[in-house]
Amino acid sequence: MMYVIWTAIAGIVAAILLYIDYLLNSMEEIDRMEFEAKLYLRPSIVQLLSNFNKSDIIRPKKVYRMIYDNGFELLLPSREWAVAAKEALTLDYKNDDIIVSSFPKSGTTWIQEITWLICNNADTVDAQKCSLLNRSPFLEMASLRNNSALGIQVLKKWPKNKQRLIKTHLPFETLPEAFQTGKCKVIYVARNPKDVCVSLYYFGIINAAVPHPGNWSTFLASYCSGEIIYGSWFSHVKEYWKKFQENKSWIYFTTYEDLTKDLRGQIISISKFLGKNLTDKQIDVIAEHCTFESMSKNKSTNYSHLTDRGSGFKNAKFMRKGKVGDWKNHFTLNENEAFDNLYEENMKDSGLDFKYEI
Ligand code: PPS
């Protein structure tokens with residue numbers, strides 16, 4: 001019912017705006033046909049109307065709590081994502097499948113693009129022909145509209161002889177067995193938790209698949225308590241870090257800050273980990289292609305195609321700032337002190353040391 005009312009209001013608002021626009025801008029008389037044609041053709045108004053017709057901009061009010069058979073609890077954007085995460089456990093994975101994992105907003109897209117190029121002879125021309133979402137499917141991603149597991153659909157249609165690079169944000173404990181036992185390689189990227197929180201906050205504003213983050217301090221409180229999608233940053237990172245210490249032959253652990261400091265060095269380390277020999281020229285090509293400037297302009301990596309589907313990206317960018325240290329523009333002194341204490345409580349014995357500025 002609310003949906004019908006909102007659609008009607010949007011229609012009326014659009015008609016009024018167009019009429020005002022007509023009165024202000026047009027001195028000549030137009031007939032009714034022209035008026036109607038204008039109404040239907042003016043892109044901004046059509047966009048407004050079509051946005052109201054898309055259910056994916058009706059935000060979920062709460063995240064969905066999924067409970068695994070072993071009792072592990074995971075917060076996901078919706079029930080559809082939980083169904084996909086469950087189905088992901090039953091798929092067949094091949095020895096050469098690679099999974100790129102992270103807590104959201106930690107540099108996943110960056111590592112995906114680097115890894116895809118390492119696995120595909122640094123072919124930047126091919127890379128630009130196809131969106132990263134299709135070159136590197138997002139395992140648990142589901143459509144909010146038609147209940148379909150988007151990542152799994154892409155995986156199922158994958159050509160048999162082609163290597164698969166899969167993206168996930170699932171905690172280690174909930175990965176399919178092939179990625180928990182060393183059958184397949186795992187690349188994990190972590191980022192300092194303050195910049196993750198800021199990036200996630202802005203992403204929450206533009207990403208209609210998740211509940212609205214509210215104001216900054218409310219969101220920070222939810223982030224600290226782990227009551228957001230994928231749960232606690234501390235638990236996520238600590239578990240992958242622990243598994244990495246025990247299994248360095250099949251898990252690679254890196255950080256956003258290390259990528260920022262030495263992109264070329266990281267490309268070399270990841271290719272060694274994957275057993276791929278790259279020439280110096282290929283390493284240079286990948287490093288050049290994967291700078292923030294270059295990936296922000298690249299349609300296959302900047303997710304700008306989502307703008308056109310009314311997914312909430314309209315006036316904002318997925319590739320936002322790409323910096324280490326933006327947290328300083330958001331945390332108050334008190335928030336910062338409280339967060340440092342919380343970090344100490346959760347991470348003091350982990351041996352992990354994040355850079356907060358470079
Ligand atoms: S997601 O939605 O969870 O998969 O997002 P994710 O890709 O993990 O993280 C998005 C943040 O990474 C930044 N980014 C980069 N920074 C530097 N260089 C490159 N090439 C790059 N690619 C992506 C992106 O801008 C997001 O960070 P913020 O701080 O919001 O800018």
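All ligand and atom numbering here is 1-based and tracks the order in the structure.
- The part of Y256 lying near ligand 1 is the side chain, judged by heavy-atom distances below 4.0 Å.
- Ring geometry for Y188 against F253 counts as tilted: the plane angle lies between 30° and 60°, on a 0 to 90° scale.
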Q: Step by step, work out the side-chain contact (heavy atoms from CB on, under 4.5 Å) result for D126 and K129.
A: CA-CA 5 Å; D126 239 21; K129 283 185 193 151; 3.3 Å; yes
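- Checked against the 6.0 Å centroid threshold, Y93 and F179 count as a close aromatic pair.
- Under the 4.0 angstrom criterion for non-hydrogen atoms, K167 is in contact with ligand 1.
- For the ligand labelled ligand 1, residue H169 lies inside the 4.0 Å heavy-atom shell.
- Listed by number with element, the atoms of ligand 1 under 4.0 Å from a non-hydrogen atom of M319 are 22 (N), 23 (C), 25 (O).
- Open room surrounds CG on D92; 12 or fewer heavy atoms of other groups in view lie less than 6.0 Å from it.
- For atom 9 (O) of ligand 1, the closest non-hydrogen atom of the protein is K105 CA, 3.3 Å.
- Shortest contact from atom 24 (C) of ligand 1 to any protein heavy atom: F318 O, 4.0 Å.
- Less than 4.0 angstrom separates some heavy atom of F292 from each of these atoms of ligand 1: 15 (C), 16 (N), 17 (C), 18 (N), 19 (C), 20 (N), 21 (C), 25 (O).
- Under 4.0 angstrom from ligand 1, there are no non-hydrogen atoms of E113.
- Using a 4.0 Å cut-off between heavy atoms, C290 contacts ligand 1 through its backbone alone, with no side-chain atom that close.
- Residue W110 has at least one N or O atom closer than 3.5 Å to an N or O atom of ligand 1.
- Here the two rings, on F354 and W233, have centers that are under 6.0 Å apart.
- Listed by number with element, the atoms of ligand 1 under 4.0 Å from a non-hydrogen atom of T291 are 20 (N).
- Counting only heavy atoms from C-beta outward, the side chains of E246 and K243 approach each other to under 4.5 Å.
- Distances below 4.0 Å separate heavy atoms of P104 from the following atoms of ligand 1: 3 (O).
- With hydrogens left out, the protein atom closest to atom 8 (O) of ligand 1 is T108 OG1, 2.3 Å, a heavy atom.
- Ring-plane geometry between W327 and Y356 is classed as perpendicular, the angle between the planes exceeding 60 degrees on a 0 to 90 degree scale with a lower cut at 30.
- Residue-level proximity to ligand 1 for M295 is carried by the side chain, the only part with a heavy atom below 4.0 angstrom.
- Crowding of E173 atom CD: a count of heavy atoms from other residues, nucleotides or ligands under 6.0 Å exceeding 12.
- Aromatic ring pairs are classed by plane angle as parallel below 30°, tilted from 30° to 60° and perpendicular above 60°; the pair W216 and F219 is tilted.
- With a 4.5 Å cut-off on side-chain heavy atoms, F203 and V210 do not count as touching.
- Here the protein heavy atom with the shortest distance to atom 11 (C) of ligand 1 is R191 NH1, 3.8 Å.
- Only the backbone of S106 comes within contact range of ligand 1, with a heavy atom under 4.0 Å; no side-chain atom does.
- In this structure, H169 has its ring center closer than 6.0 angstrom to the ring center of F138.
- Contacts between Q112 and ligand 1, counted as non-hydrogen atom pairs separated by less than 4.0 Å, are absent for every part of the residue.
- Under a 4.0 Å heavy-atom criterion, F138 is not in contact with ligand 1.
- Inter-residue side-chain proximity for R191 and E257 is flagged as met; some heavy-atom pair is nearer than 4.5 Å.
- Looking only at protein heavy atoms, the nearest one to atom 30 (O) of ligand 1 is S199 OG, 2.7 Å.
- Using a 4.0 Å heavy-atom cutoff, D326 is absent from the residues neighbouring ligand 1.
- Residues in residues 255-287 take part in these ring pair (Phe, Tyr, Trp, His ring centres under 6.0 Å) pairs, two or more places apart or across chains: W110-Y256, Y252-F273.
- Within the structure, ligand 1 lacks K317 among the residues with a heavy atom less than 4.0 angstrom away.
- At the top of the distance list for atom 7 (O) of ligand 1, counting protein heavy atoms only, stands T109 OG1, 2.5 Å.
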